[in-house]
Amino acid sequence: MAKVFFICGRVGAGKTTYSNQLVAQEKATHFNIDDWMVTLFGADAPNPLNLEWALPRTQRCNEQIWKISKQLVSLNVNVILDLGFYRKEQREAFRLLAENAGIPFEFHFIDVPAEMRRLRVQARNQGSETKTVEVSDEMFNWAENWFEDLDTEELKTAVVSKN
Ligand SMILES: Nc1ncnc2c1ncn2[C@@H]1O[C@H](COP(=O)(O)OP(=O)(O)O)[C@@H](O)[C@H]1O
Ligand SMILES: [Mg+2]
């Protein structure tokens, strides 16, 4: 049976790069939340961005992505959800959705030190295959706080990648 891969990690960890590699390995469809947000809402985004604006829109994208994901799995297509999964609540919500739908899933956690991620993001800002939006130092720092570490239970079942 097809399965869903939840790709989790902080800004610049390499989630999208990793997902692109999994696409070929697993013959999977890749949903990248940044692509969805930029394509659907980028033109209407306030400057500076704020959570009150971004969160409900991210949530709507997630709901639509999940609908399509279920359909793909029912057609025996693997699905990669490159949705950040910064908050434990989001990880638990998706875990429950998959469990309730009887869909096999794996959490993959890309765990890279902050200094390396900061450098990667600076390089990506200059132009890279996975660049969707410019990430300022301020956004990077904000996202560092927003991310909730995986707890011991979550880490037990996650596939952890350290590069
Ligand atoms: N394993 C890696 N080694 C070196 N550079 C990487 C690696 N993974 C990703 N990168 C680079 O780091 C930057 C951030 O990667 P990206 O996949 O966009 O991260 P994320 O989706 O987690 O924010 C990109 O420019 C990418 O090319
Ligand atoms: Mg990404």
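In this chain, residues are counted from 1 in sequence order. One-based numbering, in listed order, for ligands and for the atoms of each.
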List ligand 1's nitrogen or oxygen atoms that come under 3.5 Å of a protein nitrogen or oxygen, with the partner atom and distance.
residue	atom	partner	partner atom	Å
ligand 1	1 (N)	N163	O	2.7
ligand 1	3 (N)	R120	NH2	3.3
ligand 1	17 (O)	T16	N	3.3
ligand 1	17 (O)	T17	N	2.8
ligand 1	17 (O)	T17	OG1	2.6
ligand 1	18 (O)	R124	NH1	2.7
ligand 1	18 (O)	T130	OG1	2.6
ligand 1	19 (O)	G14	N	3.1
ligand 1	19 (O)	R124	NH1	3.4
ligand 1	21 (O)	T16	N	3.0
ligand 1	21 (O)	T16	OG1	2.9
ligand 1	22 (O)	A13	N	3.3
ligand 1	22 (O)	G14	N	2.9
ligand 1	22 (O)	K15	N	2.7
ligand 1	22 (O)	K15	NZ	2.8
ligand 1	23 (O)	G12	N	3.0
ligand 1	23 (O)	R124	NH1	2.8
ligand 1	25 (O)	S128	OG	3.1

Exercise. Are N141 and R118 close enough that a side-chain donor and a side-chain acceptor fall under 3.5 Å?
Worked result: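 Side-chain D/A pair, N141 to R118: present.
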
Using atom types as modelled and distance alone, determine if a side-chain donor or acceptor of [X] lies under 3.5 Å from a backbone N or O of [Y].
| X | Y | value |
| --- | --- | --- |
| D82 | I7 | no |
| R10 | A143 | no |
| R120 | A13 | yes |

Problem set entry | Pair F94 + F85: ring centers closer than 6.0 Å |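 They qualify: ring centres under 6.0 Å apart.
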
Exercise. Do H108 and Y18 have ring centroids that are under 6.0 Å from one another?
Worked result: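 Distance test on ring centres: under 6.0 Å, yes.
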
For this session: Check which protein N, O or S atoms are less than 2.8 Å from the Mg ion (ligand 2) and report how many there are.
Result: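 If we list every protein N, O or S atom nearer than 2.8 Å to the Mg ion (ligand 2), we get 1.
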
Problem set entry | Whether over 12 other heavy atoms sit under 6.0 Å from Q25 CD |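 Above 12, so yes.
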
Problem set entry | Atom CD of E129 with >12 non-hydrogen neighbours under 6.0 angstrom |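 Open: at most 12 neighbouring heavy atoms sit under 6.0 Å from CD of E129.
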
Exercise. With the threshold set at 4.0 Å, does a side-chain nitrogen-carboxylate oxygen contact exist between K131 and D34?
Worked result: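 Answer for the salt bridge query: no.
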
